[in-house]
Every structure is written in C-alpha cells, then in structure tokens.
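Working notes, beginning with the structure itself.
Both backbone and side-chain heavy atoms feed into the values below; hydrogens, waters and symmetry mates do not.
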Amino acid sequence: MEQSKITQVHGVSSEELKQDFKYIVRAEFKEFALNFQPIIPAEYLTRQEVAEILKVSLVTLSDWNKKKILNPYRLGNLIRYKRSEIEQALICINAKKV
C-alpha cells in the first residue's frame with residue numbers, strides 16, 4: 001500500500017502561498033526567456049544577390065568558388081549561398097587586411 005505524503009504550511013494563508021508560487025514560476029520563466037534563442041532558419045541567396053551584396057561580377061564569384069573563398073550549395077542547376085557564410089567570409093577577409 002502506498003503512503004500519501006502531506007505537507008503542511010503553518011502561518012501562511014492559501015492566497016500567500018499561491019502568490020509565492022506565482023512569483024517563483026514567473027522568475028523561472030523570465031530566466032528562461034533571457035537565455036532562449038529561437039532557431040533562425042538559414043537564409044539562402046542566389047548568385048546574383050551575392051554578387052550585388054559583394055559588389056562583384058558573376059565571373060569573380062565563380063572564381064572565388066573555385067578558390068574556396070566562398071562555399072556554394074548546389075541543388076541540380078541551382079546555386080545558393082548561405083547569408084551567414086557570406087557575412088563570415090567578409091569578416092575573415094577584413095580581419096586579414098588589418
């Protein structure tokens with residue numbers, strides 16, 4: 001036979017206990033919300049969009065692909081670039097210049 005456990009709280013009204021629980025739960029949710037980072041899906045750009053962002057020609061873009069400066073993703077005949085990788089490549093290139 002299972003014994004039931006009883007917790008008694010003396011000197012605290014049910015309303016005070018309820019408010020204390022609310023306060024604790026809200027504090028935990030606030031802590032969670034501060035650390036929560038939603039997953040942002042990767043944004044893929046076309047060759048033309050990347051060329052416009054970098055202000056280079058499509059020929060230069062192809063050359064950079066061959067030199068592994070940029071990392072294109074292929075799906076059949078489609079070529080796409082992750083925006084985050086383009087931004088990271090710019091940061092690396094600028095860091096080398098300094």
Query raised in the report: Does Asn35 CG have over 12 foreign heavy atoms under 6.0 Å away?
Result: yes
Query raised in the report: In Å and rounded to the nearest 0.5 Å, what is the CD1 to OH distance from Ile86 to Tyr44?
Result: 12.0 Å
Report summary line: Smallest heavy-atom separation, Val50 atom then Leu70 atom, equals CG1-CD1, 4.4 Å
Query raised in the report: Out of curiosity, Glu31 CD to Glu28 CD, how far, rounded to the nearest 0.5 Å?
Result: 7.0 Å
Determine all donor-acceptor pairs shorter than 3.5 Å in which one atom belongs to a side chain in residues 55-62; sequence neighbours excluded.
from: Ser57; atom 1: OG; to: Val59; atom 2: N; distance (Å): 3.4
from: Ser57; atom 1: OG; to: Thr60; atom 2: N; distance (Å): 3.2
from: Ser57; atom 1: OG; to: Thr60; atom 2: OG1; distance (Å): 3.1
from: Ser62; atom 1: OG; to: Arg47; atom 2: NH2; distance (Å): 3.1
from: Ser62; atom 1: OG; to: Leu58; atom 2: O; distance (Å): 3.2

Query - Exceeds 12 heavy-atom contacts within 6.0 angstrom, atom CD1 of Ile40 - result: no
**Report entry** Ile69 vs Asp63 side-chain heavy atoms within contact, under 4.5 Å
**Finding:** no
Query raised in the report: With a 4.5 Å limit on heavy-atom distance, are the side chains of Leu78 and Arg74 in contact?
Result: no
Report task. State whether the side chain of Glu49 and the backbone N or O of Thr46 hold a donor-acceptor pair below 3.5 Å, judged by distance alone. Result -> yes
Requested in this report: Enumerate the residue pairs fulfilling side-chain hydrogen bond (donor to acceptor under 3.5 Å, both in side chains) with a member in residues 78-87, sequence neighbours excluded, ordered by first and then second residue.
Outcome: Glu43-Arg83, Asn65-Tyr81, Tyr73-Glu85
Query raised in the report: Atom NZ of Lys30 and atom CZ of Arg26: how far apart are they, to the nearest 0.5 Å?
Result: 8.0 Å
Requested in this report: Starting at CD of Gln88, measure out to CD1 of Ile91 and round the result to the nearest 0.5 Å.
Outcome: 4.5 Å
